[in-house]
Amino acid sequence: MSKPNRDDLLRPIELLVLSGVMGVFTGLVVLMSTREIVLGLIGFGIAFIASLVVLAMLALAVKPDFQEKLDLDEQDGEDPRPPRSSGH
């Protein structure tokens, strides 16, 4: 079985960081507009979870390309090559 490359390993971390940035931005906007820390934290939490769910759904909606399909077939233990015809 092949080892995952660096991009495959960092993809979930990228989604978490992007969601965190969106959450921090929303939390700061709420904090600066209301001057209440609790509301800022609630805004951060809601924005973080909502953006994480949306980004995960968008990541699932992307269809794998040919190379990814070969990799998935290899991980499943299937032969990615089409079967040979008998030539009769």
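Throughout, residue positions are numbered sequentially from 1 according to the sequence presented. Side-chain atoms are counted along with the backbone in the values below, which use heavy atoms only and exclude waters and symmetry mates.
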Please test M22 against L18 for side chain to side chain contact (heavy atoms under 4.5 Å, CB included), starting from the C-alpha separation and ending with a verdict.
-> CA-CA 6 Å; M22 289 181 193; L18 188 57; 3.9 Å; yes
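- Among L16, V17, L15, the single residue meeting the side-chain contact (heavy atoms from CB on, under 4.5 Å) criterion with I13 is V17.
- Counting heavy atoms from C-beta outward, D65 and K69 have side chains that stay 4.5 Å or more apart.
- The heavy-atom pair separating E68 from K63 by the smallest distance is OE1-O, 4.4 Å.
- Residues Q75 and D71 bring a donor and an acceptor atom of their side chains to less than 3.5 Å of each other.
- Counting side-chain heavy-atom gaps under 4.5 Å among Ile, Leu, Val, Met, Phe, Trp and Tyr, the cluster of F25 also holds V29.
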Do any side-chain atoms of residues 35-59 form donor-acceptor pairs under 3.5 angstrom with protein atoms, and if so which ones, sequence neighbours left out?
residue : atom : partner : partner atom : Å
S51     : OG   : S19     : OG           : 3.4
S51     : OG   : A47     : O            : 2.8
S51     : OG   : F48     : O            : 3.1

